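Just so we're clear, the structure is a prediction, and the values are computed from it rather than from any experiment. For reference, positions follow the sequence shown, starting with 1. Values below: every heavy atom of this structure, side chains too, minus hydrogens, waters and symmetry copies.
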Amino acid sequence: MSESTVRIGLVLPDVMGTYGDGGNAVVLRQRLRMRGYDAEIVEITLRDPVPDSLDLYTLGGAEDSAQRLATRHLQKYPGLQQAAERGAPVLAICAAIQVLGHWYETSSGEKVDGVGMIDVTTSPQDKRAIGEVATTPMIPGLSQPLTGFENHRGGTKLGGEATGLARVTRGVGNGVGDGLEGVVQGSVIGTYMHGPALARNPELADLLLSRALGVDSLAPLNLPEVDQLRRERLRA
């Protein structure tokens with residue numbers, strides 16, 4: 001942690017916030033404050049260089065034109081890459097997975113070089129994935145099902161340096177027929193789940209927070225309304 005205040009980077013919400021994924025930063029801040037930590041959200045727009053000094057980072061979804069803007073900005077200002085290299089947690093939602101990969105292909109067939117932070121490539125699929133998705137997590141620290149709402153046409157293929165976040169039990173996931181959803185590589189966790197994802201999956205939020213704070217685990221929060229929301233979504 002860089003200072004007494006935990007600083008959460010909300011990266012490019014002006015172009016990477018199509019589906020309300022900025023709410024993930026709000027969830028992280030609130031869960032910290034409920035545990036007595038000082039926390040703030042630092043918004044990083046296209047007008048700003050990306051600082052490498054924040055404690056954790058979140059990126060959201062976007063359409064093709066916005067993805068290209070975000071990709072160019074992150075290539076010009078590599079603070080996110082530098083932060084990830086020192087171990088700062090990064091949460092990448094939907095199109096952000098594609099931007100952080102080696103390359104992604106747009107719906108018009110244009111192949112765009114990505115940032116190269118994670119070993120993935122993305123191509124358009126014949127059918128758009130829209131609807132509820134439920135998965136079983138595959139990484140240590142997560143034991144509860146992950147749920148969200150997916151809305152994407154990209155099919156993301158994982159390379160040898162990346163692993164899946166979870167196995168799909170309902171829905172499409174990464175869309176390339178391997179049964180996987182999301183990606184994990186180094187300090188980056190990516191998922192196609194909207195919702196926002198961390199509002200629907202508090203265990204994932206706390207995993208990111210524990211990594212940012214450098215602790216093995218956090219004291220649980222007693223939030224019956226969140227538990228009720230999860231039960232409703234899992235039944236849906």
Side-chain angles (χ1 to χ4, degrees), residues 11 16 18-25 27-28 56-62 67 70 80 84 88-104 114-125 128-212 230 233-234:
V11 182
M16 300 286 284
T18 304
Y19 302 110
D21 296 312
N24 289 314
V27 170
L28 291 168
L56 67 164
Y57 298 77
T58 69
L59 303 90
Q67 281 182 246
L80 181 69
V90 176
L91 175 67
I93 303 294
C94 198
I97 296 174
Q98 303 170 21
V99 168
L100 298 187
H102 295 305
W103 56 260
Y104 57 91
V115 175
M117 286 176 61
I118 51 178
D119 189 12
V120 305
T121 57
T122 303
S123 301
Q125 303 302 292
R128 192 172 188 86
I130 302 177
E132 288 288 318
V133 59
T135 69
T136 301
M138 298 168 55
I139 64 173
L142 297 178
S143 60
Q144 301 173 3
L146 299 171
T147 74
F149 186 85
E150 57 183 351
N151 184 359
H152 65 96
R153 193 181 164 206
T156 296
K157 183 177 180 181
L158 308 187
E161 296 183 24
T163 59
L165 171 64
R167 290 201 176 277
V168 176
T169 56
R170 175 183 175 180
V172 176
N174 290 347
V176 292
D178 58 5
L180 298 178
E181 202 289 319
V183 57
V184 177
Q185 184 174 335
S187 66
V188 178
I189 292 179
T191 176
Y192 275 104
M193 296 182 187
H194 301 287
L198 299 185
R200 296 182 57 163
N201 301 287
E203 189 179 47
L204 178 57
D206 284 351
L207 176 65
L208 292 164
L209 291 175
S210 64
R211 291 181 176 182
R230 281 188 53 78
R233 292 302 186 187
L234 287 168

For [X] versus [Y], what's the shortest heavy-atom pair and its separation?
| X | Y | value |
| --- | --- | --- |
| I97 | A92 | CG1-O, 3.7 Å |
| E181 | T191 | OE1-OG1, 2.9 Å |
| A166 | L146 | CB-CD1, 4.2 Å |
| S187 | A84 | OG-O, 3.3 Å |
| G154 | Y192 | O-OH, 4.1 Å |
| A25 | T58 | CB-OG1, 4.0 Å |

Are Q98 and T156 close enough that a side-chain donor and a side-chain acceptor fall under 3.5 Å?
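Distance-only check fails for Q98 and T156.
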Start with the C-alpha distance between L180 and M138, add both sets of side-chain angles, then the distance that settles side chain to side chain contact (heavy atoms under 4.5 Å, CB included), and finish with yes or no.
CA-CA 9 Å; L180 298 178; M138 298 168 55; 3.7 Å; yes
Is there a side chain to side chain contact (heavy atoms under 4.5 Å, CB included) between V183 and L100 once you walk through the steps?
CA-CA 11 Å; V183 57; L100 298 187; over 6 Å; no
Atom pair CD (E150) and CZ (R170), whose distance is rounded to the nearest 0.5 Å
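The CD atom of E150 sits 10.0 Å away from the CZ atom of R170.
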Drop me the distance from N151's CG to I130's CD1, to the nearest 0.5 angstrom.
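Spacing of CG (N151) from CD1 (I130) equals 4.5 Å.
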Side chain to side chain contact (heavy atoms under 4.5 Å, CB included) test vs M193 passes for just one of V133, D21, L204, I93, namely V133
Start with the C-alpha gap between L59 and L80, add the side-chain angles, then the distance that decides, and say whether side chain to side chain contact (heavy atoms under 4.5 Å, CB included) holds.
CA-CA 10 Å; L59 303 90; L80 181 69; 4.1 Å; yes
Side chain of [X], backbone of [Y]: donor and acceptor closer than 3.5 Å?
| X | Y | result |
| --- | --- | --- |
| Q185 | D119 | yes |
| T121 | H102 | no |
| N24 | A197 | yes |
| N174 | G182 | yes |

Using side-chain heavy atoms (C-beta onward) and a distance below 4.5 Å, is [X] in contact with [Y]?
| X | Y | value |
| --- | --- | --- |
| K157 | S123 | no |
| L28 | L91 | no |
| P145 | T169 | no |

Sorted by first residue and then second, give each side chain to side chain donor-acceptor pair (under 3.5 Å) pair with at least one member in residues 132-145; sequence neighbours left out.
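Sorted result for residues 132-145: E132-R200, S143-E203.
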Please walk me through it: do N201 and T147 pass side chain to side chain contact (heavy atoms under 4.5 Å, CB included)?
CA-CA 7 Å; N201 301 287; T147 74; 4.1 Å; yes
Would you call the rings of H194 and Y19 parallel, tilted or perpendicular if under 30° counts as parallel and over 60° as perpendicular?
tilted
